[in-house]
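Down below is the structure, laid out as structure tokens.
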Amino acid sequence: MSAAPAQPVGLNPAQLQAVHHLDGPCLVVAGAGSGKTRVITHKIARLLQAGLQPTQIAAITFTNKAAQEMRERTKALVGPRAAGTLVISTFHSLGVRVLREDGPAIGLKPEFSILDSDDVASLLRDAGATSDAKLARQWQWAISLWKNQGLDSDGAAAACQTDHERVAARVMKRYEERLQAYQAVDFDDLIGLPLKLLQRDEAARLKWQDRFHHVLVDEYQDTNAVQYELMKLLVSHPDPRRTDRFTAVGDDDQSIYGWRGATIDNLKRLPKDFPRLRVIALEQNYRSTGNILRAANHVIAANPKVFEKKLWSELGEGEPVRLLECDGEEHEAERAVAFIQAMRGNGGPSIKLSDFAVLYRANHQARAFEQKLRAAQIPYKVSGGQSFFDKAEIKDLCAWLRLLVNQDDDPAFLRAITTPKRGIGHQTLGKLGEFGAQWKKSLFESLFAPSLGAVLSTKAVGSLHEFGRFVNELSYKAGQTCGADDAKALLMEWLREIGYEQHLFDSEDHEKLAAARWANVLDFVDWISRRCGGEIDNLGGMSTETPKRSVLEVAQTISVIISLAERGDEQDVVTLSTLHAAKGLEWPHVVLAGVNEGLLPFKSEDDEMTPQRLEEERRLMYVGITRARQTLAVSTLRRRKRGREMVLAIPSRFILEMKLNDNPHREDPREKLRRMRQELAAKSAAFAAQAAAAAKGPGPGG
DNA sequence: CATACATGAATTTTT
DNA sequence: TTCATGTATG
């Protein structure tokens with residue numbers, strides 16, 4: 001189901017141009033399914049061929065998954081040796097790299113810690129003195145948007161419109177102070193701080209500008225203002241022959257992340273900021289049939305164009321796009337299931353379940369489809385659903401394990417020392433953080449500093465020491481304990497000592513929920529201890545005992561194991577996904593569900609629909625249509641349940657924009673009838689012949 | 001008055 | 001699915 005190179009071999013003329021333009025700024029406007037990853041990987045190969053070292057090339061993506069895929073595909077082209085040392089990473093991991101090397105120039109110790117989204121939320125609850133999780137999330141969102149626009153708390157305070165924003169800006173100020181005290185950064189800082197560094201520190205700037213001879217940026221339309229500035233600074237070079245050597249690959253028609261700070265201005269500005277810019281459009285699509293592509297082109301034609309392009313395909317007209325008109329979400333789900341069953345019935349068992357996807361605007365729409373698929377006994381997966389490892393209780397335990405491995409992991413320290421609560425509050429921790437920042441020590445190192453008594457009460461120091469001793473002892477034991485059974489015993493003992501079960505039942509008002517969480521914890525313990533080995537594995541008839549590893553060793557590899565486990569086995573199941581999460585993927589058969597006014601385009605009560613918003617919604621529709629290779633069914637509600645009665649629902653304007661009846665290649669109805677009769681006759685003849693052959697006697701193989 | 005259950009509504013997500 | 005609001009019951 002994921003993007004496979006559908007293009008036969010070689011490169012088309014536009015792709016060749018893009019690949020061979022090496023010494024100046026290059027923008028590749030890559031339509032959906034036009035082979036952009038192929039262009040990037042071939043261009044990397046070309047750059048190596050032209051004499052660049054792998055370490056002098058940086059390819060930047062937005063997700064780890066995309067980076068991984070790009071590395072794989074490059075490896076297939078240039079071999080593992082060169083591919084291994086190429087810098088292929090996300091904006092964020094490149095930022096980490098820059099900061100680990102040169103962070104001290106802007107007052108950040110190299111061992112700074114990176115807070116994840118949950119860490120940030122709890123820090124904000126703390127900084128804003130609230131227990132309201134929803135409010136904290138709102139602040140988090142606002143602060144992140146500000147940071148994505150390159151604003152700090154002062155800049156944000158100046159830009160505030162509402163009281164709510166002014167409060168958020170004040171919280172942001174406190175939040176910045178906390179981050180500084182803990183020597184921690186959030187995800188947005190991983191872009192913002194490297195930019196600040198390169199702007200302010202000339203030595204660092206020259207070093208990084210000199211390091212990369214060519215920078216490639218994937219999904220360029222998703223960059224935000226800060227990422228653009230960082231890229232611009234990174235590719236500029238004092239030597240005029242070496243400056244501005246980059247390849248930006250993107251599609252303005254697939255820009256769907258404006259709401260989180262991505263700005264299409266970055267595309268519009270590119271020709272102005274780089275007058276030598278070479279713009280190359282990839283218009284041949286290797287994914288979808290003509291009917292699907294035409295619908296997509298018609299829809300997107302209603303948007304103003306930044307760079308003119310029109311997709312075409314050599315894959316033939318294919319099947320017409322189907323329109324499913326449904327009475328309510330249940331009915332819609334039933335029809336989607338019927339669509340899948342009918343396709344599989346017609347095409348025989350050769351059509352896999354993983355060839356199907358149901359795409360929709362909002363997560364809650366998955367509910368009806370899940371229900372009907374379950375009823376039909378069709379296995380499915382919901383993309384973007386909360387993973388086992390994202391659950392709070394599992395993250396709690398992972399933090400503890402991380403701390404056992406590395407006592408200087410400050411975010412892990414903060415989470416572990418506060419879960420369960422052990423009488424050490426943010427007062428104490430704040431002091432400890434300041435102390436650590438002052439002496440350039442991790443929080444854990446600071447614990448046992450003799451001079452800590454000067455800033456903290458004896459009682460506080462006592463509980464800190466107790467925690468420290470407990471962690472040290474547990475860490476030691478974890479290093480000694482091998483094998484599944486002993487590991488499990490140790491982990492259960494540990495949970496009992498920190499009182500985790502009690503903690504769950506105390507913090508959850510519903511006993512059932514707490515019990516469910518505890519069950520997750522037990523699953524997790526099983527999962528970890530199984531990885532400590534000593535068990536009998538039965539692989540392909542070979543019975544072997546897995547090698548024994550200590551709990552500590554397993555904990556060391558936990559993040560790797562988790563990412564592998566999350567990938568999951570590529571199973572043959574139907575995909576349910578939001579349109580956003582479907583970007584970059586493709587399926588032979590796609591159902592685009594809930595294509596109604598209010599949902600797609602989305603409209604909420606309290607904000608008005610600006611033209612920009614509508615255009616982004618239209619791009620979302622475009623992304624949805626272009627996910628399909630062979631068949632596309634667009635489903636819309638004619639009626640919808642509202643309370644107990646059915647009310648009228650309005651099909652999306654985008655359906656009209658697809659101009660489904662405006663097909664120049666449409667078969668004459670009389671012609672179609674004749675063709676179908678012929679096909680039927682041929683089929684019955686074949687069937688009769690088969691039956692006759694079967695009646696004569698058993699064929700070869702019975 | 002407070003708690004429990006039912007009912008209805010619901011943007012989109014990565015690092 | 002989850003989250004919030006409203007009604008019913010103790």
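These numbers come from the heavy atoms of this one structure, side chains and all, not from hydrogens, waters or symmetry mates. Here is how names work: the chains are called A, B, and so on, in the same order as the sequence lines, proteins then strands, and each is numbered from 1.
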How close or far is atom [atom2] of [N] from atom [atom1] of [X], stated in whole angstroms?
X       : N       : atom1 : atom2 : result
L585(A) : dT14(B) : CG    : C1'   : 14 Å
K134(A) : dT11(B) : NZ    : P     : 9 Å
H580(A) : dT13(B) : NE2   : C1'   : 8 Å
L145(A) : dT13(B) : CG    : C1'   : 12 Å
N596(A) : dA10(B) : CG    : C1'   : 15 Å
M609(A) : dT11(B) : CE    : C1'   : 11 Å
K641(A) : dT7(B)  : NZ    : C1'   : 12 Å
R137(A) : dC3(C)  : CZ    : P     : 11 Å

Atom [atom1] of [X] with >12 non-hydrogen neighbours under 6.0 angstrom:
X       : atom1 : result
R97(A)  : CZ    : no
Q161(A) : CD    : no
R178(A) : CZ    : yes

So, is [X] close to the [N] phosphate, meaning a side-chain N or O under 4.0 Å from OP1 or OP2?
X       : N       : result
N64(A)  : dT15(B) : yes
S93(A)  : dT15(B) : no
N363(A) : dT13(B) : yes

Which of these nucleotides, [options], is closest to any side-chain atom of [X]?
X       : options                   : answer
R260(A) : dT13(B), dT11(B), dA10(B) : dT13(B)
H364(A) : dA10(B), dT13(B), dT14(B) : dA10(B)
S117(A) : dA4(C), dT15(B), dT12(B)  : dT15(B)
R367(A) : dT11(B), dT15(B), dT1(C)  : dT1(C)

- Using centres under 5.5 Å plus planes under 30 degrees as the test, is W259(A) stacked with dT12(B)?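 Check passed, W259(A) stacks on base of dT12(B).
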- Message: Taking the cut-offs as 6.0 angstrom to the six-membered ring centre and 45 degrees off its axis, would you call R100(A) and F112(A) a cation-pi pair?
- Response: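 Verdict for F112(A): a cation-pi partner in R100(A).
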- Query: Checking all strands, does F62(A) fall into the base, sugar-phosphate, or nothing category for heavy-atom contacts under 4.0 angstrom?
  - Reply: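 Counting heavy atoms under 4.0 Å across all strands, the contact made by F62(A) is with sugar-phosphate only.
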- Message: Tell me whether the rings of Y257(A) and H580(A) are parallel (<30°), tilted (30 to 60°) or perpendicular (>60°).
- Response: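 Y257(A) vs H580(A) ring planes: tilted.
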